[in-house]
Structures are given as C-alpha cells and as structure tokens.
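Shown next, in structure tokens, is the structure this report addresses.
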Amino acid sequence: MFDAFFRALGRSRETRETESHSDDVRTDGGVADPAMAGEAEASSSSVLDSEFVQSLPFWGPPALLVGLFVYGAVAWNVLISLTDWSGLGQPEYENFDLSVYSQMLNDLLDPTSNFFVATRNTVALLVAFTVITLLLGLLLAILVDQGVRFENTFRTIYLLPMSLSFVVTAIFWSWMYNPSIGLINETLRTVGLGAFTQAWLSNPQFKLGAVIFALMWQFSGYAMIVYLAGLQAIPNEQYEAARTDGASTFRMYRRVVVPQLRSSTTSAAVVLMVFALKAFDFLFVMFGPNPGPSTDILSVMMFREAFMSTNWAYGSGIATVLFLMALGVIAPYLYRQYQRGEL
Amino acid sequence: MSSNSGSWSESVNLRRVSVYGVLVVMVAFYLAPLETGLMTAFKTQNAFFSTTPFAPPPADGVTVQPWAAALDRLGPGVVNSLLFAVPATMLSALFGSMAAYGMTNLNWKYQVGVLSLFVAGVFIPYQSVLVPLTRFWSMVDVASLLAFIPPLADRAGLIELGVTHAAYGIPICTVLFRGYYLSLDDEMLEAARLDGASPARIYRKIVLPLSKPMFAVTLIYQFTNIWNDLLFALVLVSDPSNAPVTIALNTLKGSMVQQYNVQMAGAFIAALPTLVIYVLFGEQFAKGVAGET
C-alpha cells in the first residue's frame, strides 16, 4: 500500500502542474487534454496512478485531518498509557512499560476495585441498553409501518429526543425521577402503585436501570428509523403470501419479517453498542464525575482518573481499553460489509 | 364466507384501534419529559412543589422569571456555541463531500483501505483521544499564535474546539456523502470525463451543485451533534468566558439544585436551536441519523 502511495507522491508534482494547466485550457475552449488522451493508451497501472493523483486533492486534506486527530491521537494515547505520567508535569517518553495494564488485570480479579466495577457496569449498560432499545425500536417501526394516518408525525415525535443534547435530557430526567415530586413517582402513586415508588437516582439498586431507561427513551427513535428502512425494503408480496397461508400477524412477523431485518438489527446494534461504550455526557450531568459504584462506567472513570485525579497514564490506559472494545464491535461489522461489497 | 367477513372486519377494526392506542400512548411517553419540563419552567417555586409536574401552572403560580434567570446565565454560552459550531459544521461538511467524491467517483487502488479508516472513524470513542488532544492543544498554543489579533486570541478555546469538532465530524460526513454519491448517475460523469473535464471541474460543475440536498442533511445533522456535545468542551475550554452552552447549562444545574423551574427553562434555551431545526427539517435529520449505519 505504501510504496504505491509514495510512487504516486513522487509523480504528483509534475502531473499536478500539467493538470492545473490543462484545466485552464479546457475552461476556455474545451481543448482535449493530451495527458488524458495518452492515459487511455497507457498501461492500466499508470491509469490507476493517475486517477489516484487526481483524487488526492479531494480526499488528501480530510484524510490528513482524520489521520492526525483521530488515528494519530489514538496512537499517542496508547503511547501515553505506556508511560508513568501523572500529576502536573509533562509526560516523559522514555521508560515504557505495561504497568498500567498489569494494574488493570489485577483489578479485574478484585470485585471491589473501581476498574472491575466500572467494567461490569459498562458491559451491563451495553447489553441491556442495546437489547431494550432495539426491541422498542422494532415495536415502534412495526406500528408506524401499519399504514397509519399521521405516520410522519408519529415518526417525528419518536425521533425527537435524538435531537436533544444529553445535558438537556439528563436535566429532564433528573426532574422526572425526583423521588418526592417527579412525574414517575407521581404517576405510580396516581395509578395505585405507590408501593413501587423509589428514589430512582440515589438507590444503588435502581440507578443504572434508571439511566438505561432514560437512554432507551432517547435512542429508540433511532432504532425505529433503521428498522423502518428495513421493513420498507421487504416486498409486499411476502406479506400477502403469508396472509393467504393463513398465518397470524404475530406469526407472520416472527417467521417472515423479523428474520429479514437481520442486517438492520446488526447495524443498529453496532451503533448502539458503541454509543454505550462512550456514553459520558448523560451520566456526567446527572451524577457528576463520581457516580458511585452502582453506576460508574469506564468512560466516566477515564475522565475522572485523567482530568480530575491527573493519573494521565492510567486514564489513557482505560481509554485504550475503550478503544479496543469499540474496535471489537466494529471490526467484524466492517469486515462483513467489505465482504458483501457494501463498503 | 360472507358471515365470516363481518367478524373479520370487526377484528381488523379492533386491531387498528389498538395500533392507534399504542401509538398515542408512546407519543405521551416520548413527550412527557418535555411537557413536564415546559410546564415546570413557567411555575413559581411554590407552584412546582405543590402541583403535579405535567399540570399547567395554577393561576397564581405563573411566572416567566425562570426564563429570565436562565437566559441571563446561558446567553453568553449560546453565543459561544454558535461561534464555533457553525464554522465547524460547514468545514466538516465540505471536507466530507470532498473526501467522499475522491473515494467514490474516482477509482484508485487501496481506496477501500482508506475508506475503511474513515468509516471506522465514525465509531471511535472520544475518550480514546482526549488526553493527547489536550496535550496537542497545549503544544499548539492558539492564543499566542494569534496574539497579534486580540479578538481571536481571546477566543482561542473556541477555535480549538471548532477545529477539533470539524476534524471529528469528517468521518460521518464522508459516510453520508458517499451513500449519496454512489447513487449519482455514472454515465453523466463518464460523459463529462470523455469531454475532457478534469475531476476538479466535474466536482465543481456537476457533483457540487447536485449535492445540495445532501449538504442540507449533513449540515443539519452535524450542527446538532456539535451543538449538543459536552465532553470536548469540558476538556478543551478552560476560560469560563468561552464556555459553550452545554457547559453553562451543566454549571447552572449544579448551582441551582432545587430550582427545577430555572433548570427546565435553561434546558429549553440550550435545546432551542436544535429543536427548531428538528421541527423544520426533521426529514433531513432522520436521513442523517439513518446514514450512520
């Protein structure tokens, strides 16, 4: 990959000059480009090179920015995690070791350590949030797809929370969950379920569940949109065929429709799982940098370790773990997309 | 058969009624937090302690004072957010369009490899770049680089935030534009190419004008994302006078713990730009959301 890149870079100066020159000519009178005419006769590899060079001004600058800010920063983060940088000084890139990671491995064996607790909560959030959001999204999509009136209005309302900042929704839900006068407990009392009222955000048993419920509220509209696209791609004849076979609605969805939504499920699940890994804003606004053992997750712990306790190397280590978890989710997905030629 | 059809249409009606019933209940579920928030924002302290959250304010408990208090606290934040979110949105949309064109309508070896890096970039957790990002911006000291233009130097934090958001927005914008450029008519581009038009000219004269609807989608979706973000602002902006609205709102929540009416008014003020955009351009926003997969 790289030698082709450099070969092309070596040629780029000359070709770019003729390119810009011939561009001028054509703007004036549409004179055929000699370089282009020659290109047709040239061997296929130089055609590839030339198209590569001509495409470079378009994707080059964005790729440079992404390379620097995204991948460069990820690599730098791994490097920092190998130092022992902490406190207010500068990192010293001299003695690299894996002490941060061996500490994490040790912590994983200790169920009372912060890292163990945060990892457990992250996985619980990831699984529970993804599953219930997908289920609610599927239900909404099926309902909206029944050819109902005001379909667009329903869709717009269900997707609306996605347009709000987590800072905003965390404030709304702190109010909803208020133990004495919040809407959740008020509603429970009104319908005679007063026994089920809770201090949702301070009782360790319900804290994480309350967060997951609120996040489900915010994201199920997204899952609905993805499933709707999947549903609309299923040919109408299949519904009719199932109907004439006398299948009940439930059976039809279970046997005919849901299996065909597999790719919608996969892609929505990838997005939701990756979101769960980086969920930060919502928890931070609701609980601050220290949500306590029942709700602490890796992304909040990373921020706390690095930016509050100035344990930079350790914070970077947690960040690397989060990156690897995200990679574990997206790499198989991207590979499959690539295999099916959908990339 | 005919005796059957009566009960059949009856069951169909029952089914439709229950479908609408569930849909309406779900509307209540999705709007309840906003509705209670809006009602609470118009209530006095006494009124929201004594009334049901979703009930409208009682006659003696109506006030707009929470809105004034919240606006007072959030006003500068709204201005700051606009200052960096608008340019950052436009930059990432433009770069996204260019990158998508260079990797979709032009063909070169290994482009799948580079493209995968762009697509994967959509999913990378911000956490995995936060520490290097703060290192980077303390080494590239925007404030002293721009010291000769004091108005810009004072806004250094916002410039850093804008550049960072622009860079991190490129992957999703590229993915959105690529989906659209794949559907462009290849024959038309090929014809232009045979006429001797260079890729740059084809982009300027054909692709860019055709991209308007996709620019609408990308700008709307990306503006919402950037406006709503808290994490980057939290680690990059140290000067409180440069704090964007999400930071200001979080601070307001922390300092007015019991004043739910002011908190709610503040939440609506911070959400207003994205809410207005969503109500006006919901269709484009939905396309942006769906494009993420």
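Remember, it's a predicted structure, so these values are computed and weren't measured experimentally. By convention in this document, chain letters (A, B, ...) are assigned in the order of the sequence lines, proteins followed by strands, and residues within each chain are numbered from 1.
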Heavy-atom proximity to chain B below 4.5 Å, by part of A:Ala63: both

Contact origin within A:Leu136 toward chain B - heavy atom pairs under 4.5 Å: side chain

Ring centres under 6.0 angstrom apart (B:Phe48, A:Trp175): yes

Side chain, backbone, both or neither of A:Glu186 within contact of chain B (heavy atoms, under 4.5 Å): side chain

A:Phe307 portion near chain B, given a 4.5 angstrom heavy-atom threshold: side chain

A:Tyr71 versus chain B, the contacting section by heavy-atom distance below 4.5 Å: side chain

Spacing of A:Ser165 atom OG and B:Asp229 atom CG [to the nearest 0.5 Å]: 8.0 Å

Toward chain B, the part of A:Phe69 with a non-hydrogen atom under 4.5 Å: both

Residues B:Tyr278 and A:Thr156: side-chain donor-acceptor under 3.5 angstrom: no

Residue selection (most heavy-atom pairs with chain B, distance under 4.5 Å) from A:Val270, A:Leu183, A:Ile142, A:Val329: A:Leu183

Region of A:Val274 in contact with chain B, defined by heavy-atom distances below 4.5 Å: side chain

Aromatic centroids of B:Phe232 and A:Phe280 separated by under 6.0 Å: no

Contact class of B:Ser97 relative to chain A, heavy atoms under 4.5 angstrom: neither

Mutual orientation of the aromatic rings belonging to B:Phe123 and A:Tyr333 [parallel < 30°, tilted 30-60°, perpendicular > 60°]: perpendicular

Under 4.5 Å from any heavy atom of chain A - which part of B:Thr224: side chain

Interchain contact, B:Met139 with chain A, by part (heavy-atom threshold 4.5 Å): side chain

Aromatic contact, B:Phe268 with A:Phe172 (centres under 6.0 Å): yes

Interface moiety of A:Ile225 toward chain B, non-hydrogen atoms closer than 4.5 Å: side chain

Contact class of A:Met162 relative to chain B, heavy atoms under 4.5 angstrom: both

Contact origin within A:Phe303 toward chain B - heavy atom pairs under 4.5 Å: side chain

Atom group of A:Ile80 that falls short of 4.5 Å from chain B, counting heavy atoms: side chain

Contacting region of A:Leu160 [heavy-atom separation from chain B under 4.5 Å]: both

Structural part of A:Met286 lying under 4.5 Å from a heavy atom of chain B: backbone

